[in-house]
Asks: 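First the structure, which I've put down as structure tokens, then a few questions once you've had a look.
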Amino acid sequence: MLRVQNLSHVFRNGSEDTPVLKEINFTIHKGEIVALLGSSGSGKSTLLNLMAGLMKPTEGSIFIADQAIEKMSENKLAEFRRTNIGFIFQAYELISHMTVRENVELPLVFQGVKRSERRDRAMALLEKVGLKEKTEMFPSQLSGGQQQRVSIARSLITMPSIVFADEPTGNLDTKTENEIINLLIELNETLHITFVIVTHEQEVATRTKRIIQLRDGYLIDQTVAGGHPA
Amino acid sequence: MRLRDYISIGWDQLKRRKVVTAMCTIGIAIGSAAIIVALSLGESAQQYAQDQVNAFLKTDEITIMNKASNGSADPSTEQTSDRDVITKQKVDIIRQLPHVKAVGTYKDLGNFPFKLDDDKEGRVELTATNLDSLEAFDNSFQQGGISEQENTIILSYGAMMGLTDPVSQEMREKQLNANPNDESLWETYRELGKIVTPLYQKQLKLQVDATRDLNNPKIIEIPVRVVGVLKKPSGVSENQIPYMKQAYISHELAEQIVETMKTARSGTDLQPELTANFSRAVVKVDDVKNVQGLDDTIKKLRVSPQNNLSQQDRLKDQFAIVRTIALGVGLFVLFIASISIVVAMTMSTYQRRRQIGIMKVLGANLAQIRNMFIVESALLGLIGGIFGILFSYWVVWGINALLMMTDPSEEGSIIFISSWILGVGVFFAVLTGVLSGIYPAISASRTDALTAIKRD
């Protein structure tokens with residue numbers, strides 16, 4: 001599903017080069033739920049951005065569904081993301097003037113899907129994430145956990161091959177954090193969509209099936225975790 | 001991405017930024033209204049001038065002069081050569097031609113004095129014509145109309161003005177001769193000339209001098225009844241009307257007058273000045289654009305038609321320049337207005353960088369982001385254009401009200417807005433929106449998604 005091959009990345013600031021990722025190699029199979037664990041500055045967010053095609057690596061390759069995304073043009077990448085990649089942000093990143101349903105529908109708007117079909121698919125997903133009654137509300141009327149559920153529904157609306165979640169519980173309390181992780185594990189099991197969760201919390205990582213651990217830009221460990229709901 | 005979604009997203013953005021949208025709309029509305037008003041002024045002025053030219057030069061008419069009108073040929077008899085002679089048959093053929101509204105045949109009989117029963121006197125320029133064509137030649141009746149009766153006459157409004165009895169006339173002439181530099185006397189004389197004597201259904205006696213001998217005149221009186229009075233001609237000042245003393249009679253009555261004169265002058269050296277045939281025929285065409293074609297067709301009848309199209313073409317050239325200048329002024333205003341859109345949309349791009357970043361992460365490509373901004377600014381242009389139409393109607397209404405105040409004789413609206421001008425106004429408004437949106441749209445589409453969504 002996802003193959004990272006000899007990946008290195010350097011941030012250039014004038015004449016000064018700062019290496020952030022060094023010779024990273026790993027593979028994530030279809031339907032897996034994997035945690036990318038690391039402390040601040042370990043390079044995990046950079047790796048996520050590279051895998052999502054938001055940055056180009058200095059060296060190495062990233063294959064998603066057997067396609068090398070680092071070679072794609074910006075437009076091609078946009079189209080690739082549109083159909084193959086879902087994204088869950090730490091701060092939800094919902095569009096404030098759109099309703100919950102409109103936010104969830106948005107990726108389908110870029111695909112040119114008909115309004116009625118968009119509506120049906122969004123309603124079904126919102127029901128799945130437990131927000132059936134909140135569809136016409138605006139994000140500001142929801143709690144943090146509810147907003148993250150909207151963000152999760154939006155990431156799944158296109159039925160992507162892989163979903164990247166960037167610190168999805170970073171802004172939530174422990175109870176809500178558990179609920180969100182449970183939801184992600186449930187969706188992974190029911191929809192068989194691959195999830196990559198970036199986190200700095202060991203507790204969150206242990207909930208997934210596999211942990212890829214980074215430190216100072218190096219991949220230091222790949223371990224099998226529990227992967228069972230708490 | 002569907003057009004409906006672009007419009008929906010664009011409209012949503014405009015609604016959210018009401019003040020900015022209102023300011024930009026005002027700017028475009030002014031520019032668009034400037035174009036609409038400027039073009040309308042140009043077109044209306046051209047139409048007005050054209051109507052005036054039509055009224056005076058009669059560009060929708062073709063005049064055919066009759067070579068036989070001076071008695072040198074008689075169209076009623078067969079001739080070896082009928083070039084430049086208008087015969088009744090030719091007139092009948094012309095009447096049947098396409099685009100012919102009416103054919104009027106005229107014979108100018110000259111200036112005739114007339115008397116009323118109460119001894120008041122006046123003078124008219126007498127013209128024989130087929131009276132039923134009068135209305136087709138831009139005349140309309142103030143009183144009465146065509147009559148089946150014999151010995152009838154139709155007068156212009158001016159023919160009823162300034163009638164006076166001989167004693168008063170003589171007295172006034174004496175006063176004027178005695179004080180030729182007295183301006184107040186002349187003013188009184190001019191004012192008397194404007195006094196109207198109602199003549200409708202009155203009998204007047206045309207005075208025909210059979211001898212042309214001033215010392216021993218032999219006046220024959222021909223009684224006629226006034227069955228119609230024409231309205232004052234439009235576009236003519238009140239001061240000119242008393243001098244426009246036209247009178248129309250039928251060709252049959254004209255023949256009787258000629259016969260009367262022939263009889264009165266028989267045995268003298270005098271030849272009758274009048275002949276029974278007409279001096280010219282005038283063809284009224286349904287549209288000015290058909291005049292030249294009809295003119296060419298009429299030429300095939302071995303006559304020499306004349307029209308005034310060349311005058312109109314010159315006028316069109318002059319107004320094309322006026323219209324171009326007006327369009328230029330409107331476009332300049334719209335250009336100024338477009339700056340407000342560029343500023344507003346560029347501001348909007350920066351305010352919405354985060355949103356653009358999220359959209360890009362969710363799969364929006366460069367073209368989609370660009371199109372979103374262009375559609376939004378096009379919508380802004382469209383709204384501005386619609387308000388521009390309303391604004392231009394308001395301005396034109398004001399100009400018309402002002403024109404009517406300065407010249408109350410004008411009937412209806414002088415300045416009008418054609419539908420094609422509305423289209424042009426909206427087109428330029430939308431075009432301004434689209435062109436103004438291009439730079440902000442490109443700028444938005446180049447927003448780096450990662451930088452845009454990064455939180456400090």
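Within every chain, numbering begins at 1; the chains are lettered A, B, ... in the order of the sequence lines, protein sequences first and strands thereafter.
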Asks: Is it the case that atom CZ in B:Arg17 sees more than 12 heavy atoms from other parts of the structure closer than 6.0 Å?
Replies: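 Enclosed.
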
Asks: Does the B:Asp5 side chain pair with the main chain of A:Gly112, one donor and one acceptor, at a distance under 3.5 Å?
Replies: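 Judged by distance alone, no pair lies under 3.5 Å.
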
Asks: Take atom CG in B:Asp12; do more than 12 heavy atoms of anything else shown fall under 6.0 Å from it?
Replies: yes

Asks: What distance separates A:Ile95 CD1 from B:Ile9 CD1, expressed to the nearest 0.5 Å?
Replies: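 Rounded to the nearest 0.5 Å, the CD1-CD1 separation comes to 8.0 Å.
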
Asks: Are there over 12 heavy-atom neighbours, none belonging to B:Met23, within less than 6.0 Å of that residue's CE?
Replies: no

Asks: How many angstroms lie between CD in A:Glu74 and CG in B:Asn365, if you round to the nearest 0.5 Å?
Replies: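 That separation rounds to 9.0 Å.
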
Asks: What part of B:Leu366 is in contact with chain A, defined as an atom under 4.5 angstrom from a non-hydrogen atom: side chain, backbone, both or neither?
Replies: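 Answer is both: backbone and side chain atoms of B:Leu366 are under 4.5 Å from chain A.
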
Asks: Rounded to the nearest 0.5 Å, what's the gap from CG on B:Asp448 to CE on A:Met55? Could you check?
Replies: 9.0 Å

Asks: So, for A:Ala78 and B:Ala364, which heavy atoms are closest and what is the spacing to 0.1 Å?
Replies: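 That would be CB-O, 3.7 Å.
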
Asks: Which atoms of A:Phe80 come close to chain B, meaning under 4.5 Å heavy atom to heavy atom: side chain ones, backbone ones, both, or neither?
Replies: neither

Asks: Answer yes or no: does atom CG of B:Asp287 have more than 12 heavy-atom neighbours from other residues, nucleotides or ligands under 6.0 Å?
Replies: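 Buried by this count: over 12 neighbours within 6.0 Å.
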
Asks: What are the two closest non-hydrogen atoms of B:Met372 and A:Phe110, and how far apart are they?
Replies: CE-CE2, 3.6 Å

Asks: Name the region of A:Lys114, side chain, backbone, both or neither, that has any atom closer than 4.5 Å to a heavy atom of chain B.
Replies: both

Asks: Should we count CZ of B:Phe387 as having more than 12 external heavy atoms under 6.0 Å?
Replies: no

Asks: Looking at chain A, which one of B:Arg2, B:Met1, B:Gln13 has the largest number of heavy-atom pairs inside 4.5 Å, strictly under?
Replies: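 Option with the greatest count: B:Arg2.
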
Asks: If you draw a 6.0 Å radius around CD in A:Glu16, do more than 12 non-hydrogen atoms from other residues or ligands fall strictly inside?
Replies: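 For A:Glu16, atom CD is not crowded (no more than 12 foreign heavy atoms under 6.0 Å).
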
Asks: Heavy-atom count check: over 12 atoms from other residues, nucleotides or ligands less than 6.0 Å from B:Phe416 CZ?
Replies: yes

Asks: Looking at A:Lys56, I'd like to know if its NZ atom is crowded, meaning that more than 12 non-hydrogen atoms belonging to other residues, nucleotides or ligands lie closer than 6.0 Å.
Replies: yes

Asks: Going from OH on A:Tyr92 to CD1 on B:Ile358, what distance comes out if it is rounded to the nearest 0.5 angstrom?
Replies: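 Rounded to the nearest 0.5 Å, the OH-CD1 separation comes out at 13.5 Å.
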
Asks: Side chains of A:Arg115 and B:Ser8: does their closest heavy-atom pair fall under 4.5 Å?
Replies: yes

Asks: What distance separates A:Ser96 OG from B:Arg354 CZ, expressed to the nearest 0.5 Å?
Replies: 11.0 Å

Asks: Side chain, backbone, both or neither: which part of A:Leu54 has an atom under 4.5 Å from a heavy atom of chain B?
Replies: both

Asks: For the pair A:Arg81 (side chain) and B:Leu362 (backbone), establish whether a donor and an acceptor sit closer than 3.5 Å, ignoring hydrogens and angles.
Replies: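 The answer is no, because no donor-acceptor pair under 3.5 Å joins these two groups.
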
